[in-house]
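Quick one: the structure is below, and I'll ask about it shortly.
Below, each value reflects all heavy atoms present in this structure, side chains not excepted, and no hydrogens, waters or symmetry copies. In listed order, ligands and their atoms are each counted from 1.
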Amino acid sequence: MSIKLDTIVKYSHRNGFIFPSSEIYGGYSAVYDFGPLGKLLKDNLVQAWRNWMVTFRDDVVEIEGAIFLHPKVWEASGHIGGFSDLLVEDTITHKRYRADHLIEEAGIMENADSLSPEETDKVIQENNILSPDGNPLSSAKHFNLLVSTHLGPTVDESTVAYLKGEACQNIYVNWKLVQETSRRQLPFGIAQLGKAFRNEITVKQYIFRTREFEQIDLQFFVKPGEEDKWYEFWKDYRYKFYTEYLGYNSANLKFRQHEKLVFYAKDAWDIDYKFGALGFKELEGIHNRTDYDTKQHSEFSGKDLRYRDPQTNEQYLPYIVETSLGVNRLLLSSLFEFYNEESVADSKEARIVMKFPYILAPYKIAILPLMKKDGLAEEAHQIYTNLRKKGIIADIDLAGSIGKRYRRQDEIGTPWCVTVDYETLSEGTVTIRHRDTMEQLRIDIEDISAYLNSETFAEF
Ligand code: ATP
């Protein structure tokens, strides 16, 4: 049975993963905050991506670019002229909708975002598509997604600044500086985690589509002619990030090729993920971008951004293969992927277990004293503090029956629970229980961190 989005929304709220922004004021459309567990999970997901894309490789470096870039960057990139969706307006309520979404939701075609305004109007008329309120729609018009503000002493045209519409532009404009200062030769990649802002119009799918989000990107620079080989490599490597590193079920992932390409792209595929009852939707994009970005920025900046091959002295603009993933979408996919409800023999309530792999679990271990009295709470606290000082994010829970506490930790995906009992005081041992097998083992207190470390580094 497919998990409903509402189940995930409630789960995330109840356990402090995700809250609507400014909730006490009624929330703020398509903006979300991450609570203590959401923040830990988000960091772990980004760290997993970093391990896979940067740390495990010798041909990728990571940078961190500012949110503000020179406004010319957005001219050069085409965002000021062309970063737009086609919108239609309800002629009665004046609410606006993305035309491609209305066409897709009506089941008329997939990939309706490849239609021109004229084609969009035709499809809407021929199929008599109305607004969600049942009213006629206006003709389709472009709507720019860039979010702008003013930087400087005046508020006029000269001080307009844009918040990044996509995170990766810092990589393109800095590419040569990074290559030279890190003494890299082609092929090599630049990775980045960066904020992006889009004035999205269709925003009803929780953190799937937000107006502020983070992207984790790789831009891989290659010699012209080698881009197709590398494109295939990165498609495969990205897919394995989910199936081999994070342990996603391959049945929940599928590649989808873009039907109509933006003019500069040679090829573009998305990895779609099955977000439970929402069905398959875009998780990340992998694009064969040619030399469009380096060429545009060379032209607009007047700077020579060509690479000089140290062996042949040949000079050329590199081609770029891009992989781009939204952290919110990755986080949402991980909640769908690892959420489980199991029936328990002696209980009417389902056992909710978040089967996060160790690297993603917000808490790696929870310390549960059997009783608060007789020094058990103090001993538990000591174990907890010692683990935290070793960098292991542990939780401690003193409230309720031991069964209830196991349930709580299962629900938030803590892989290990340790109970502290009278034998702990006399023998220096604890019982360690695994979330998935529920098997219990008696080990020495000193061995806890080694036990966990063997998991962290088990596979890679
Ligand atoms: P969509 O078609 O869903 O609007 P896109 O094709 O415009 O997405 P890209 O510009 O290719 O997306 O961005 C790369 C990645 O960034 C996407 O695959 C997605 O994971 C993420 N992303 C894009 N827009 C959003 C958003 N509004 N909220 C959250 N993540 C986003």
Side-chain angles (χ1 to χ4, degrees), residues 18 21 28-32 34 38 42 45-46 49 53 74 77-79 82-87 97-105 110-115 142-147 163-169 171-172 191-219 234-235 238-239 241-242 253-262 264-265 267-273 275 278-289 292-293 320-336:
I18 304 165
S21 162
Y28 196 46
S29 180
V31 189
Y32 289 87
F34 294 88
K42 201 155 166 271
L45 285 162
V46 169
W49 168 86
M53 300 299 280
W74 302 110
S77 70
H79 281 80
F83 188 47
S84 57
D85 287 330
L86 280 179
L87 290 195
Y97 302 95
R98 261 178 72 167
D100 57 331
H101 287 175
L102 293 184
I103 293 172
E104 286 165 15
E105 280 161 17
E110 282 182 18
N111 294 321
D113 58 347
S114 60
L115 299 176
H142 281 288
F143 176 82
N144 196 295
L145 300 177
L146 277 181
V147 178
L163 275 66
K164 283 201 240 185
E166 60 181 15
C168 57
Q169 289 297 326
I171 300 182
Y172 305 139
Q192 184 186 233
L193 157 72
K195 280 266 185 192
F197 303 83
R198 294 184 187 176
N199 196 1
E200 299 276 7
I201 292 302
T202 308
V203 287
K204 55 192 174 206
Q205 278 153 348
Y206 195 40
I207 61 165
F208 179 81
R209 188 179 302 286
T210 47
R211 291 190 169 132
E212 173 184 344
F213 56 101
E214 278 157 330
Q215 288 179 315
I216 35 184
D217 292 331
L218 168 77
Q219 307 293 326
W234 284 107
K235 268 174 68 188
R238 287 305 306 155
Y239 186 79
F241 171 67
Y242 300 105
L253 294 160
K254 102 182 159 193
F255 278 108
R256 182 176 40 81
Q257 189 171 25
H258 288 202
E259 277 169 20
K260 222 177 186 178
L261 294 171
V262 279
Y264 55 83
D267 202 359
W269 290 74
D270 291 337
I271 297 181
D272 285 0
Y273 177 78
F275 291 88
L278 295 176
F280 278 98
K281 296 168 85 62
E282 174 176 340
L283 177 57
E284 81 167 81
I286 305 169
H287 310 128
N288 198 344
R289 296 182 69 100
Y292 174 75
D293 310 282
I320 296 176
V321 173
E322 164 188 67
T323 77
S324 181
L325 165 64
V327 179
N328 289 352
R329 284 196 196 172
L330 177 62
L331 194 145
L332 186 60
S333 73
S334 75
L335 293 172
F336 273 107

Just need the protein heavy atom nearest to atom 12 (O) of ligand 1, so name the residue and atom and give the distance.
->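 Checked against all protein heavy atoms, atom 12 (O) of ligand 1 sits closest to Glu282 OE2, 3.6 Å.
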
Could you tell me whether Arg211 approaches ligand 1 through its side chain, its backbone, both or neither, with non-hydrogen atoms closer than 4.0 Å?
-> neither

Which of the numbered atoms in ligand 1 are below 4.0 angstrom from a heavy atom of Leu283?
-> 18 (O), 19 (C), 20 (O)

Heavy-atom contacts with Phe208 under 4.0 Å: which atoms of ligand 1 show up? List them by number with element.
->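 Answer, ordered by atom number: 28 (N), 29 (C), 30 (N).
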
Can you check side chain to side chain contact (heavy atoms under 4.5 Å, CB included) on Arg98 and Glu200, steps first, answer last?
-> CA-CA 9 Å; Arg98 261 178 72 167; Glu200 299 276 7; 3.7 Å; yes

Nearest protein heavy atom to atom 25 (C) of ligand 1, by residue and atom, and its distance?
->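 Going by distance alone, atom 25 (C) of ligand 1 is nearest to Phe213 CZ, 3.3 Å.
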
Nearest protein heavy atom to atom 4 (O) of ligand 1, by residue and atom, and its distance?
-> Arg209 NH1, 2.7 Å

Give the atoms of ligand 1, by number and element, whose distance to some non-hydrogen atom of Glu284 is under 4.0 Å.
-> 18 (O)

May I ask you to decide if the ring planes of Tyr292 and Tyr264 are parallel, tilted or perpendicular, using 30° and 60° as cut-offs?
->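 Geometry flag for Tyr264 against Tyr292: parallel rings.
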
Just go through Arg198, Arg98, Arg329 and tell me whose heavy atom is the nearest to atom 3 (O) of ligand 1.
-> Arg329

Enumerated ligand 1 atoms positioned under 4.0 Å from heavy atoms of Glu200 |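 Ligand 1 atoms under the 4.0 Å threshold to Glu200: 24 (N), 26 (C), 27 (N).
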
Which heavy atom of Ala167 sits nearest a heavy atom of Gln192, and at what distance?
->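 Looking at all heavy atoms of both residues, the shortest contact is O-NE2, 3.0 Å.
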
Is it the case that Gln257 and Asp267 place a side-chain donor and acceptor less than 3.5 Å from each other?
-> yes

List the closest protein heavy-atom neighbour of atom 16 (O) of ligand 1: residue, atom name, distance to the nearest 0.1 Å.
->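 Atom 16 (O) of ligand 1 sits closest to the protein heavy atom Gln215 NE2, 3.1 Å.
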
Would Tyr273 and Phe275 count as a close aromatic pair, with their ring centres under 6.0 Å?
->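 Yes, close enough.
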
Using a distance-only test with no angle check, is there a side-chain donor-acceptor pair under 3.5 angstrom linking Tyr242 and Glu284?
->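 Per modelled atom types, Tyr242 and Glu284 side chains form a pair under 3.5 Å.
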
Counting from 1, what ligand 1 atoms have a heavy atom of Ser324 closer than 4.0 Å?
-> 14 (C), 15 (C), 18 (O)

Just jot down the ligand 1 atoms closer than 4.0 angstrom to any heavy atom of His287, in number order.
->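 Near His287, the atoms of ligand 1 are 11 (O).
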
Please report the closest heavy-atom contact between Leu331 and Leu45, naming both atoms and the distance.
->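 Minimum heavy-atom separation between Leu331 and Leu45: CA-CD1, 3.5 Å.
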
Give the atoms of ligand 1, by number and element, whose distance to some non-hydrogen atom of Gly285 is under 4.0 Å.
-> 18 (O)

State plainly whether the residues Asp270 and Arg256 are in salt-bridge range, i.e. N to O under 4.0 Å.
->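 Yes.
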
With only distance considered, is Gly326 within less than 3.5 Å of ligand 1 through an N or O on each side?
-> yes

Evaluate the criterion side chain to side chain contact (heavy atoms under 4.5 Å, CB included) for residue pair Val327 and Gln215; output intermediate values, then yes/no.
-> CA-CA 6 Å; Val327 179; Gln215 288 179 315; over 6 Å; no

What pair of heavy atoms forms the shortest contact from Trp74 to Glu166, and how long is it?
->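 Shortest heavy-atom contact: CH2-O, 3.5 Å.
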
Do ligand 1 and Thr210 have nitrogen or oxygen atoms that lie under 3.5 Å from each other?
->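 Yes - when backbone and side-chain N and O of Thr210 are compared with those of ligand 1, one distance drops under 3.5 Å.
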
Contact partition for Glu166 relative to ligand 1, non-hydrogen atoms under 4.0 Å | neither

